[in-house]
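Below: the structure, in structure tokens.
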2 protein chains.
Amino acid sequence: MKPTHIEHIGIAVKDLKAAISYYENILGLTCYAIEEVTDQRVKTAFFRVGETKIELLEATSEDSPIAKFIDKKGEGIHHIAFAMPDVNEALTNAKENGIQLIDEKPRKGAENLQIGFLHPKSTFGVLTEFCGKNK
Amino acid sequence: MKPTHIEHIGIAVKDLKAAISYYENILGLTCYAIEEVTDQRVKTAFFRVGETKIELLEATSEDSPIAKFIDKKGEGIHHIAFAMPDVNEALTNAKENGIQLIDEKPRKGAENLQIGFLHPKSTFGVLTEFCGKNK
């Protein structure tokens, strides 16, 4: 199975409002949605660039994965999400090939998509998400 | 001016051959080119995912920007390149809006494209490239 496109690029920021202003005014993009994902303790802002979305991520709590990421590495690119025709099958296939998973089964992510993460230890340092529509 | 799409995502790796194997065997992508960019002291491997390319970057020398990046942050996502209709105009516009540039004028990058980088200090931690065809 291969991805159809890059679904989104997740970017960790400290100040969502300031970052939205940069992406709108310097890059000419339009923020079309702001959404809070409570179980990840993040607030997200979405922009479209061709078939890909930019997803800015601001922590809403100190124990958010995004707060921990920024403490360790600073602001910057957090993950890449590949659009997969079948997220469950893609995760299973990765595991069978020795890849360490963060999510053994798909779970619900932003925009009501099915998502699952691979561990960056197995993916050459890139936090990698598989992402797809509900079946 | 707004970007038409994400032209590529640059990913810093220690071992190009091992990383190519992961992107081919786990993600199902095909490496369609390997190119050395001598002035950046990197060897690159390219994969297509929809309208975007994944560009793996391995340092060919200890003073390569990629070697320095890996020393500091480890392997992982290095930069995002936005496809811009006019790289020179996009750089000028960013500078006029107070963005710190790495490249004041476009220069030649991989695949014979015109490229220019914005400094991550001005772009919320994301090393950002503008990228376009020769005029």
Side-chain angles (χ1 to χ4, degrees), chain A residues 1-16 18-30 47-54 56 70 72-80 82-84 90 93-99 118 120-128 130, chain B residues 1-16 18-30 47-54 56 70 72-80 82-84 90 93-99 118 120-128 130:
Chain A
M1 189 185 309
K2 62 178 280 185
T4 54
H5 59 284
I6 306 289
E7 213 283 332
H8 67 265
I9 301 168
I11 297 173
V13 300
K14 288 180 188 170
D15 180 340
L16 195 65
I20 289 172
S21 173
Y22 162 74
Y23 279 87
E24 292 204 318
N25 296 326
I26 305 300
L27 294 184
L29 304 177
T30 303
F47 306 80
R48 285 196 184 87
V49 191
E51 64 193 3
T52 298
K53 294 166 203 150
I54 299 283
L56 302 181
I70 289 176
K72 194 172 165 190
K73 299 203 169 194
E75 289 184 298
I77 308 165
H78 180 257
H79 69 275
I80 304 179
F82 292 91
M84 284 292 186
N93 176 62
K95 187 175 182 182
E96 283 172 2
N97 282 279
I99 301 297
L118 315 187
K121 277 184 190 171
S122 286
T123 60
F124 299 83
V126 176
L127 179 57
T128 299
F130 291 156
Chain B
M1 189 185 308
K2 61 179 284 188
T4 53
H5 59 283
I6 306 289
E7 212 283 331
H8 66 265
I9 301 168
I11 297 173
V13 301
K14 289 179 188 169
D15 180 340
L16 196 65
I20 289 171
S21 173
Y22 162 73
Y23 280 86
E24 292 204 318
N25 297 325
I26 305 300
L27 294 184
L29 304 176
T30 303
F47 306 79
R48 286 197 184 84
V49 191
E51 65 193 3
T52 298
K53 294 166 203 149
I54 299 284
L56 302 182
I70 290 176
K72 194 173 166 190
K73 299 204 169 192
E75 289 184 299
I77 308 165
H78 179 257
H79 68 275
I80 304 179
F82 293 90
M84 283 292 184
N93 177 63
K95 187 176 182 182
E96 283 172 2
N97 283 279
I99 300 298
L118 315 186
K121 278 185 190 169
S122 286
T123 60
F124 298 83
V126 176
L127 179 57
T128 299
F130 292 156

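Every chain is numbered from 1 and lettered A, B, ... according to where its sequence line falls, protein lines coming before strand lines. Computed from heavy atoms alone, side chains included, the values below leave out hydrogens, waters and symmetry copies.
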> Going through the distances and angles, do B:Thr52 and A:Thr52 end up as a side-chain contact (heavy atoms from CB on, under 4.5 Å)?
Replying inline: CA-CA 9 Å; B:Thr52 298; A:Thr52 298; 4.1 Å; yes
> Which atom pair, heavy atoms only, marks the closest approach of B:Ile26 to A:Asn93?
Replying inline: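 The answer is O-ND2, 4.1 Å.
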Any non-hydrogen side-chain atom of [X] less than 4.5 Å from a side-chain atom of [Y]?
X: B:Ile9; Y: A:Ile77; value: no
X: B:Tyr22; Y: A:Val126; value: no
X: A:Phe130; Y: B:Leu27; value: yes

Between [X] and chain A, with a heavy-atom cut-off of 4.5 Å, which part of the residue counts as in contact: side chain, backbone, both or neither?
X: B:Phe124; answer: both
X: B:Asn97; answer: both
X: B:Ile70; answer: neither
X: B:Leu56; answer: neither
X: B:Thr128; answer: side chain

> Which one of B:Glu51, B:His79, B:Lys73 has the most heavy-atom pairs closer than 4.5 Å to chain A?
Replying inline: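 Looking at each option in turn, the highest pair count goes to B:Glu51.
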>> So which residue, B:Pro3, B:Ala94, B:Ala83, ends up with the most heavy-atom pairs under 4.5 Å with chain A?
In response: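 The answer is B:Pro3.
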> Say you draw a straight line from CD of B:Glu24 to NZ of A:Lys2; how long is it, rounded to the nearest 0.5 Å?
Replying inline: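 Taking CD in B:Glu24 and NZ in A:Lys2, the distance rounds to 11.0 Å.
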>> So, using ring pair (Phe, Tyr, Trp, His ring centres under 6.0 Å) as the criterion, who are the partners of B:His5 when residues are at least two apart?
In response: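 Testing B:His5 for ring pair (Phe, Tyr, Trp, His ring centres under 6.0 Å), a comparison that skips the adjacent residues, returns none.
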>> Quick check for you: among A:Asn25, A:Val49, A:Leu118, which has the greatest number of heavy-atom pairs under 4.5 Å with chain B?
In response: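 That would be A:Val49.
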